[in-house]
Number of protein chains: 2
Amino acid sequence: MADARRKPKSEATRRRLLDAALGLFRARGFEETTMRDVARAVGMSLGAAYYYFPSKDAIVMEYYVASQEEHAARARALLDETRDLRQRLGAVVHGKLDTVRRERKLLGALFRSAGDPEHPLSVFAPSTRGVREQAIALFDEALAGARPPVPAELRRTLAPLLWLGLLAALLHFIHDRSRDQARTRKLVDGALDLVAPLLPLASLPQAKPLIARATALLEMASAR
Amino acid sequence: MADARRKPKSEATRRRLLDAALGLFRARGFEETTMRDVARAVGMSLGAAYYYFPSKDAIVMEYYVASQEEHAARARALLDETRDLRQRLGAVVHGKLDTVRRERKLLGALFRSAGDPEHPLSVFAPSTRGVREQAIALFDEALAGARPPVPAELRRTLAPLLWLGLLAALLHFIHDRSRDQARTRKLVDGALDLVAPLLPLASLPQAKPLIARATALLEMASAR
DNA sequence: GTCTATAACATGATAGAC
DNA sequence: GTCTATCATGTTATAGAC
């Protein structure tokens with residue numbers, strides 16, 4: 001929807017702007033980078049920059065979408081490597097962290113809007129539904145393609161929960177000042193080691209009522 | 001630390017500003033209210049308002065602290081009523097929601113900074129440590145005063161986790177458009193009904209290694 | 001119609017006079 | 001303590017070049 005039918009010239013300029021903006025955000029942070037800086041970086045006036053991106057947040061939004069696509073490709077490649085549930089979940093989560101590794105300062109800008117129901121850039125907003133659903137779908141695929149596979153009904157509850165867990169991991173990632181965010185990596189591995197072995201238990205008949213209640217809760221939480 | 005030793009006159013003006021700001025935030029939202037609006041509401045110049053509050057966020061910070069104190073008082077009153085674990089957890093969580101009920105539009109402003117490690121207003125920042133610790137202490141008290149009481153070691157892990165759960169509930173509360181946020185209330189009750197009966201299991205010897213691993217994980221996550 | 005530039009506006013924040 | 005500039009920055013308006 002972003003780059004459908006545009007003149008190549010225009011597309012190239014837009015691209016230069018995006019790259020310059022992401023570079024500046026990466027180097028100096030989102031708040032610290034002004035739209036005037038971005039325009040100057042590509043030798044362009046402020047007004048011209050606004051012709052291509054209607055707002056500073058729109059640049060983040062574009063990154064958000066592109067980054068999700070990159071994550072999907074990366075995760076699916078990794079998912080082809082193994083059928084082990086624990087490994088597959090690790091592939092999706094670590095794949096995400098690998099994707100956003102250099103963009104930690106931008107992630108903050110994304111989370112900034114999470115608490116604002118009106119904000120179009122919020123990870124919970126209707127406008128970002130596509131990205132969100134694709135991310136959840138990745139967890140669903142990880143569960144579905146495992147051997148033995150996680151049943152579809154359980155996946156419908158589990159996949160969104162795992163996505164929420166991923167958000168939490170990203171939040172930790174942003175705040176993590178250990179070298180290469182090694183702490184977050186360990187935390188993720190520890191959490192998955194703890195949770196993955198429990199998942200098969202959820203298919204046991206004894207777990208049925210518990211699962212049913214959890215599913216109902218989650219449905220209420222995500223209802224509009 | 002906020003209102004220690006100040007001239008009564010100054011203190012009153014400050015108070016008028018705070019009240020006016022909160023009233024405007026409540027009525028029209030945080031972003032939609034300008035500092036000029038706030039100043040005008042108390043018949044004061046913009047510069048004068050900034051003499052009392054160094055930033056718009058500082059007003060939110062003051063609310064954050066005051067609101068936490070109100071919550072503590074309310075929760076402790078409720079905790080005196082029952083020794084039942086499930087009831088006590090409900091008292092703390094619903095007590096929080098009751099405290100912030102009218103201030104939903106302000107909560108968004110608080111969450112806005114959660115993803116920014118540099119921001120002094122973040123719920124995870126060093127500057128808000130006091131508020132955070134008091135909130136966690138409330139959960140600790142809820143667990144400790146239950147009959148039978150939750151052992152101290154388990155509480156050290158559980159209380160911060162419950163606080164994280166409260167943050168999630170508040171996030172849901174902000175986005176919740178059902179009348180009186182009834183959906184969030186139900187969600188909280190459902191989650192507590194699900195979790196509270198499981199807590200006694202954590203004291204079982206079989207659960208020991210699992211708990212130990214979870215505790216280690218949480219310690220890593222909160223380490224600086 | 002596609003692109004670019006300049007000016008102006010609103011708002012959070014600051015400086016300096018009284 | 002209070003006020004009146006003034007600034008920086010996200011954003012908008014508008015005029016014109018190609």
Side-chain angles (χ1 to χ4, degrees), chain A residues 2-18 20-22 24-25 27-63 105-106 108-110 112-113 116 118-121, chain B residues 3 5-18 20-22 24-25 27-63 105-106 108-110 112-113 116 118-121:
Chain A
D3 48 355
R5 280 287 122 213
R6 268 205 201 83
K7 292 260 180 65
K9 167 93 175 296
S10 167
E11 188 50 42
T13 313
R14 183 191 172 80
R15 181 78 214 186
R16 276 197 305 140
L17 261 170
L18 183 63
L22 292 182
L24 285 170
F25 292 161
R28 293 154 41 180
F30 177 75
E31 312 279 2
E32 292 73 15
T33 303
T34 83
M35 283 297 277
R36 285 164 180 82
D37 290 336
V38 174
R40 199 177 315 120
V42 299
M44 190 177 250
S45 78
L46 178 64
Y50 269 98
Y51 172 80
Y52 292 96
F53 291 95
S55 73
K56 203 178 167 186
D57 280 337
I59 303 180
V60 182
M61 180 64 165
E62 191 124 330
Y63 167 75
K105 294 186 176 171
L106 245 190
L110 250 176
R112 215 179 32 137
S113 350
D116 182 354
E118 313 291 319
H119 204 297
L121 190 52
Chain B
D3 50 354
R5 278 290 122 211
R6 273 207 198 80
K7 295 260 178 62
K9 170 88 174 299
S10 167
E11 188 49 42
T13 313
R14 183 189 172 80
R15 182 77 215 186
R16 275 196 306 138
L17 263 170
L18 183 64
L22 293 183
L24 286 169
F25 292 161
R28 293 156 38 181
F30 177 75
E31 311 281 2
E32 292 73 15
T33 303
T34 80
M35 285 297 279
R36 284 163 180 83
D37 291 337
V38 175
R40 200 177 316 120
V42 299
M44 191 177 249
S45 78
L46 177 64
Y50 270 99
Y51 172 80
Y52 290 96
F53 291 95
S55 72
K56 205 177 164 185
D57 280 337
I59 303 179
V60 182
M61 179 65 165
E62 191 124 329
Y63 166 75
K105 294 185 176 173
L106 244 190
L110 250 176
R112 217 177 31 134
S113 350
D116 183 355
E118 313 292 318
H119 204 296
L121 189 51

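Reminder, nothing fancy here: chain letters follow the sequence lines and each chain counts from 1. What you see is a predicted model; the values in this text were computed from it and never measured.
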B:Tyr52: ring pair (Phe, Tyr, Trp, His ring centres under 6.0 Å) partners, not counting sequence neighbours: none
Which of residues 34-45 of chain A have a heavy atom under 4.0 Å from DNA chain D? A:Thr34, A:Met35, A:Arg36
Report the residue (B:Gly47 or A:Thr33) whose heavy-atom-nearest nucleotide on DNA chain D is the more 5′ of the two. B:Gly47
Over all atoms of both residues, closest heavy-atom pair of B:Leu121 and B:Leu110: O-CD2, 3.7 Å
Below the 4.0 Å mark, does C:dT4 have OP1 or OP2 next to a side-chain nitrogen or oxygen of A:Tyr52? yes
What one should report as the nearest heavy-atom pair of A:Glu31 and A:Arg112 is OE2-CD, 3.5 Å
Show every donor-acceptor pair shorter than 3.5 Å between a side-chain atom in residues 38-51 of chain A and any protein atom, with sequence neighbours excluded, or say none if there are none.
from    : atom 1 : to      : atom 2 : distance (Å)
A:Arg40 : NH1    : A:Asp37 : OD1    : 3.4
A:Ser45 : OG     : A:Ala48 : N      : 3.2

Residue pair A:Arg14, A:Glu62: steps toward the side chain to side chain contact (heavy atoms under 4.5 Å, CB included) verdict: CA-CA 11 Å; A:Arg14 183 191 172 80; A:Glu62 191 124 330; 2.7 Å; yes
How many angstroms lie between atom OG1 of B:Thr13 and atom CG of B:Leu18, to the nearest 0.5 angstrom? 12.5 Å
Using the ring pair (Phe, Tyr, Trp, His ring centres under 6.0 Å) criterion, which residues pair with A:Phe30? Sequence neighbours excluded. A:Phe25
Between the two ends of the helix from C:dG1-D:dC18 to C:dC18-D:dG1, what is the bend in degrees, rounded to 10 degrees, where each end axis spans five pairs? 20°
Nearest heavy-atom neighbours spanning A:Lys105 and A:Ala27: NZ-O, 3.5 Å
Rounded to the nearest 0.5 Å, the OG1 atom of A:Thr34 sits from the NZ atom of A:Lys56 at a distance of 7.0 Å
Contacts of B:Arg15 that satisfy side-chain hydrogen bond (donor to acceptor under 3.5 Å, both in side chains) - sequence neighbours left out: B:Asp19
5'-most to 3'-most nt of DNA chain D touching chain A (<4.0 Å, heavy-atom partner on protein side) reads D:dT9 to D:dT12
Spacing of B:Lys56 atom NZ relative to C:dT14 atom C1', expressed in whole Å: 17 Å
Partners meeting side-chain hydrogen bond (donor to acceptor under 3.5 Å, both in side chains) with A:Arg16 (sequence neighbours left out): none
More 5' along DNA chain D: A:Glu32 or A:Pro54, using each one's nearest nucleotide? A:Glu32
Rounded to whole Å, the CZ-P distance (A:Arg14 to C:dT4) equals 13 Å
